[in-house]
Amino acid sequence: MRSVMLSEVVSVLSRIRATASKNEKIFIAADFLASVPRDQLADTARLMIGQLLPSDFGSPGIGFADLKAVRDITLQKSLFSERLTVARVAEAFKTISSISGRKARQRKASVLRGLLIDATREEIEFLLGCMTGDVRAGFSEGLLIEAIAKASGREASAVREMFGILTDVGRVADAVLGGGDKGRAAVLEPMRPVKLMLAEPSMNIRQALASVSLPAAVEYKLDGIRVQIHISRDQIRIFSRRQTDVTDALPEIVEAVRAVSVSSAILDGEVIAFTDKPLPFQEVMRRVTREKDVMGEAERTPVRLFLFDVLYLDGEPLIDLAYEERIERLKRIAPAELLVPRKIIASEADAERFLEKSLSEGHEGVLIKSLKGIYQLDRRSADWIKVKEHITIDAVVIGAEWGHGRRSNWLSNYHLGVKSRDGFVMVGKTFKGVSDAELKRLTDLLLMEVEEDHGSWVKVRPNIVLEIAFNEIQRSPKYPSGMALRFARVVRIREDKSADDVTTEEELRRIMQQQFLSKAERMK
DNA sequence: ACTGATGCGTC
DNA sequence: GTCGGAC
DNA sequence: GTCCGACGACGCATCAGT
């Protein structure tokens, strides 16, 4: 049986990159996949979207910083062509991923060098691109799923649902095109984390209700970590949205779940840091990746679980039931204190009141959910709509970074300052919210203000003012002001304003204090 | 033993 | 996580 | 509607260097 060569993947991807048409990308990919032998489907499919390892395998542990030296050395030596197979690449990265301990980075780099020494220039660029996330072929998970569907003659929606269960494109390719699943059938089952359903963002309640019909359900949107809780007999595991096992970091959540009376289940919910009021998102972050002194941190930063859905119960998948029926089941099995606050609304005013209540209690906003909607794995469906609050300020640009990819020739990432006692203090960066026209305009404006050229970025005189929206002010350990804007984006360029008009550090600090009227502060 | 950089996860 | 552009 | 790729904030673990 033939071996799939890395060069084939690289050349297929350059053809995919060359067309803007999604259909054509899918067609090229499907055509290629159809030619791949079964035993190499998984590795090939992953590589086509720049994935070097199976999704549940961990990560290489070597990144951008280590690659410069590797690139320089190997670029000079790339004399050979078309030697590397997809299988060898996959094997090498599994090895790299498994290396740890003293001098791990160097040892990882040396395995990588051993691989790249047999690679062509294009293959090196591709593999390093996989590691830094800039393959940039306009081809990713979604289109690959469609390509797998096309190559197999199956419905894309069916393959997509399979992906929601298997969570790895390699396993999907293998299951759909290889005719096998290597022991992992594509069925929903406790202890196998899935791709959860997501919500569509919406500006406000009115807009949200334009796509969900009344009556509808409305729930508090809690600012924490999305969790899927898997129960099988006396076993309980907690997984994150991206299928990481976080059970060991959250012992008191495991205990709380013991109050749920089922023989098996998959539950969907949110874990937030909470004392008498919710704590800021930063606090719950201390808990999720924690390995050392978990109990100590648990005392300092208590967490609570709020459940809002059930995907599987006592041996039966429930994802094809309507939301209102799933909620009925959830209410039957879980104690009320573990359920997210929710109600049925019949009017826009009801929804507005519930949003106000959620915000006044220190939460992030609300979700509006269609009563009839099924649970769609791995989908951001209009059946769930989220509404969050945001704040706007005026900030002045004090620096800017040159963009990458489609933003290559523009100043794209703006350093935001607010007015302080003497000058301006930086409170974050943003690149979001600008149209291409604004990007060009801002580049022109900023280039006229350049004070220092640092290559990848420029320091500019504080003369360009932007209206900035954000969701929250975070306590920053990085910025001297001690404040950073969370999810900052540009609303518009304020050519009518000057630096004198921008928000002050004092004002920003007041806004932060206001946040703490409804949120708890950390226990010491 | 300590500090800072880096990777990778959460949002 | 948010957003704009492109299909 | 859907997908992609521009890149933001923080906190923890790990590793490199002193």
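Here is the naming used below: chain letters follow the sequence lines, and residue numbers restart at 1 for every chain. Quantities reported herein were computed from a predicted structural model and do not represent experimental measurements.
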| query | Does the side chain of A:Ser202 come under 3.5 Å of the side chain of A:Arg206 through a donor N or O and an acceptor N or O? | reply | no
| said: What is the distance, to the nearest angstrom, from the CD1 atom on A:Ile493 to the P atom on C:dG4? | reply: 12 Å
| query | Rounded to whole angstrom units, what separation is found between the CZ atom of A:Arg136 and the P atom of D:dG5? | reply | 9 Å
| Are the aromatic ring centres of A:Phe239 and A:His230 under 6.0 angstrom apart? | yes
| field | N/O (side chain, A:Ser59) to phosphate O (OP1/OP2, B:dC8) under 4.0 Å | value | yes
| said: Using OP1 and OP2 only, check whether a side-chain N or O of A:Arg379 sits under 4.0 Å from D:dC3. | reply: yes
| query | Under 4.0 Å: is that the gap between some side-chain N or O of A:Gln282 and OP1 or OP2 of D:dC10? | reply | no
| Rounded distance in Å - CE (A:Met131) to P (B:dC8) | 8 Å
| query | Base, sugar-phosphate, or nothing for A:Asp134, non-hydrogen atoms under 4.0 angstrom? | reply | nothing
| request: Under 4.0 Å between any heavy atoms, over every strand shown, what does A:Arg105 touch: base, sugar-phosphate, or nothing? Just pick one. | output: base
| request: Report yes if at least one side-chain N or O of A:Tyr414 is closer than 4.0 Å to OP1 or OP2 of D:dC7; otherwise report no. | output: no
| said: Students often get this wrong, so: under 4.0 angstrom with heavy atoms, is A:Lys22 touching a base, only sugar-phosphate, or nothing? | reply: base
| field | Whether A:Thr19 side chain and A:Ser21 backbone form a donor-acceptor pair below 3.5 Å | value | yes
| said: Starting the side chain at C-beta, find the nucleotide from D:dA9, C:dA6, D:dA13 nearest to A:Lys429. | reply: D:dA9
| said: Does A:Arg107 reach a base, just sugar-phosphate, or nothing at all? Heavy atoms under 4.0 Å. | reply: nothing
| task | Quick one: label A:Arg226 by what it contacts on the DNA or RNA (base, sugar-phosphate, nothing), any heavy atom closer than 4.0 Å. | result | sugar-phosphate
| said: Would you say that A:Thr503 contacts A:Lys419 through its side chain, given a criterion of any heavy-atom pair below 4.5 Å between the two side chains? | reply: no
| Atom NZ of A:Lys221 and atom P of C:dT2: how far apart are they, to the nearest Å? | 8 Å
| request: Could you check A:Leu143 against A:Leu485 and say which one's nearest nucleotide on DNA chain D is further toward the 5' end? | output: A:Leu143
| When the distance from CD1 of A:Ile96 to C1' of B:dT6 is rounded to whole Å, what number comes out? | 16 Å
| query | Which part of the nucleic acid, if any, lies within reach of A:Lys25 when heavy atoms closer than 4.0 Å are counted: base, sugar-phosphate only, or nothing? | reply | nothing
| side-chain contact (heavy atoms from CB on, under 4.5 Å) between A:Val418 and A:Thr504: does it pass, once the steps are laid out? | CA-CA 5 Å; A:Val418 291; A:Thr504 65; over 6 Å; no
| message | With a 4.0 Å cutoff (strictly under), does any side-chain N or O of A:Asn23 reach OP1 or OP2 of C:dC7? | response | no
| message | Would you say A:Lys478 places a side-chain N or O within less than 4.0 Å of OP1 or OP2 belonging to D:dA9? | response | yes
| request: For A:Gly224, answer base if it contacts any base atom (sugar-phosphate contacts may also be present), sugar-phosphate if it contacts only those atoms, and nothing otherwise; contact means non-hydrogen atoms under 4.0 Å. | output: sugar-phosphate
| Nucleotide nearest A:Ser140 when distance is taken to its side chain, options D:dC4, B:dC11, D:dA13 | D:dC4
| task | Ignoring backbone atoms, establish whether A:Lys432 has a side-chain N or O less than 4.0 Å from OP1 or OP2 of D:dC7. | result | no
| query | Hey, does A:Ala484 reach any base, or is it just sugar-phosphate, or nothing, if we go heavy atoms under 4.0 Å? | reply | sugar-phosphate
| field | Among C:dC3, D:dG8, D:dA9, the one nearest A:Glu401 by side-chain distance | value | D:dG8
| request: Using a 4.0 Å heavy-atom cut-off across all strands, classify A:Ser21 as base, sugar-phosphate, or nothing. | output: sugar-phosphate
| request: Indicate, with a heavy-atom threshold strictly under 4.0 Å, whether A:Ala137 touches base, sugar-phosphate, or nothing. | output: sugar-phosphate
| said: Could you check whether any side-chain N or O of A:Ser152 sits under 3.5 Å from a backbone N or O of A:Ile148, counting only pairs where one atom can act as donor and the other as acceptor? | reply: yes
| Looking at A:Phe424, A:Tyr479, A:Trp457, A:Phe431, which hits ring pair (Phe, Tyr, Trp, His ring centres under 6.0 Å) with A:His415? | A:Trp457
| query | How would you label the contact of A:Asp66 with the nucleic acid (heavy atoms, under 4.0 Å): base, sugar-phosphate, or nothing? | reply | sugar-phosphate
| Between C1' of C:dA6 and CD of A:Glu24, the distance in whole Å | 15 Å
| said: Does a side-chain N or O of A:Ser476 approach OP1 or OP2 of D:dC10 to a distance below 4.0 Å, or not? | reply: yes
| What does A:Pro60 touch in the nucleic acid at a heavy-atom separation under 4.0 angstrom: a base, only the sugar-phosphate, or nothing? | sugar-phosphate
| message | B:dT10, OP1 or OP2 - any side-chain N/O from A:Ser240 closer than 4.0 Å? | response | yes
| query | Looking only at side-chain N and O atoms, does A:Arg242 come under 4.0 Å of OP1 or OP2 in B:dT10? | reply | yes
| Closer than 4.0 Å, any side-chain N/O of A:Arg160 to the OP1 or OP2 of D:dC3? | yes
| task | Compare side-chain N and O positions of A:His404 against OP1 and OP2 of D:dG5 and report whether any pair is under 4.0 Å apart. | result | no
| Hey, does the side chain of A:Lys388 come within less than 4.0 Å of C:dT2's phosphate (OP1/OP2), counting only N and O? | yes
| Is A:Arg380 reaching over with its side chain to a backbone N or O of A:Ala199, donor-acceptor style, under 3.5 angstrom? | yes
| query | Side chains of A:Asp56 and A:Thr167: does their closest heavy-atom pair fall under 4.5 Å? | reply | no
| task | Find the distance A:Arg290:CZ to B:dT10:C1' and express it as a whole number of Å. | result | 15 Å
| message | Classify A:Val490 by what it touches in the nucleic acid, base, sugar-phosphate, or nothing, heavy-atom distance under 4.0 Å. | response | nothing
| field | Options D:dA6, D:dC12, D:dT14, nucleotide nearest the side-chain atoms of A:Arg286 | value | D:dC12
| said: Taking the nucleotide of DNA chain D with the nearest heavy atom to each, does A:Gly405 or A:Glu283 sit closer to the 5' end? | reply: A:Gly405
| field | Separation of atom CG in A:Leu466 from atom P in D:dG8, rounded to whole Å | value | 16 Å
| said: Using a 4.0 Å heavy-atom cut-off, does A:Lys108 contact any base of the nucleic acid, only the sugar-phosphate backbone, or nothing at all? | reply: nothing
